[in-house]
Amino acid sequence: MRILGSGFGSAAGERRVVFTGPGPAGVEGTILSWNDDGVSVLVPAGTVVGGVAIVEGERRSNALLFEVASDLVSFVDDLRPIFSRQGCASCHGGTNDLFLDTPASILRGGNHGPAAIPRRGAESLLVRVLRGPADGINRMPFGSPQIPAADILLIEDWVNQGVRNN
Ligand code: HEC
């Protein structure tokens, strides 16, 4: 799940994300990414409803209640249209080492190895190159403005959901 807000800072530091119930209580969440405007945390498997708080030492934020949506990001219906709308497919569909046609080709990746690591969206090259230059690779799409943040989040969510072929 992603906790949206502002002023979170650029890194977790000493802060932890803890589930408070209803649902899992006292469980510490695995933090997937931490940015100033949002924190992504893995929800324990099987959770339907829950509460979550940010804890630092003795201090704890108010619990935020959430419900787990059943919708998964779809490769075919969500990601493919982004790749074609943003021009990725024209460079990465036959003329470049990296093919974005299928989840398998993304896992195989290009010159720099796998473009996605299942469940580790923020660390995956496919997501990092959209936020800025990474590992000596230009920011993508090469030669065009940055794509909308919502599209990047969708791609990150798809990786965090396990690089499904759906
Ligand atoms: C104009 C052509 C062009 C467009 C458009 C483009 N790319 Fe690229 N892409 C490249 C080239 C060339 C490289 C090789 C490395 C470099 O240029 O830094 C690359 C490299 C990459 C890599 C790293 C692959 C590796 O292992 O080396 C990823 C991931 C990537 N692009 C994703 C995307 C995504 C996602 C989009 C759309 C948002 C996109 N690219 C749009 C040309 C393009």
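Read the numbers this way: they start at 1 and go in the same order the structure lists the ligands and their atoms. One-based numbering along the sequence shown. What you see is a predicted model, and the numbers here were worked out from it, not measured in a lab.
Contact atoms of ligand 1 toward Cys91: 1 (C), 2 (C), 3 (C), 4 (C), 5 (C), 42 (C), 43 (C) (distance under 4.0 Å to a heavy atom of the residue). For ligand 1, the atoms closer than 4.0 angstrom to any heavy atom of Asn111 are 25 (C), 26 (O), 27 (O). Below 4.0 Å from some heavy atom of Val129 lie the following atoms of ligand 1, by number and element: 28 (C), 29 (C).
Looking at Leu98 against ligand 1, only its side chain comes within 4.0 Å, counting heavy atoms. Under 4.0 angstrom from ligand 1, the non-hydrogen atoms of Leu130 all belong to its side chain. Both the backbone and the side chain of Asn138 come within contact range of ligand 1, each with a heavy atom under 4.0 Å.
With respect to Asp101 and Arg80, no salt bridge is recorded, no charged nitrogen being found less than 4.0 Å from a carboxylate O. Look at Arg16 and Glu56 and you find no salt bridge, because none of the NZ, NE, NH1 or NH2 atoms lies under 4.0 Å from a carboxylate O. With respect to Arg85 and Asp151, a salt bridge is recorded, a charged nitrogen being found less than 4.0 Å from a carboxylate O. Residues Arg131 and Glu156 are paired through a salt bridge, judged by an N-O separation under 4.0 Å between the basic side chain and the carboxylate.
When distances to atom 8 (Fe) of ligand 1 are checked against a cut-off of 2.8 Å, Met140 contributes an N, O or S atom below that limit.
Under a 4.0 Å heavy-atom criterion, Gly143 is not in contact with ligand 1.
Checked by atom type and distance alone, the side chain of His92 pairs as donor or acceptor with a backbone atom of Leu98 at under 3.5 Å. The main-chain N or O of Ala11 is found under 3.5 Å from a side-chain atom of Arg15 such that the two form a donor-acceptor pair. In this structure, Ser105 contributes its side chain and Phe99 its backbone to a donor-acceptor pair below 3.5 Å.
Between the choices His112, Gln146, His92, the shortest heavy-atom distance to atom 7 (N) of ligand 1 belongs to His92.
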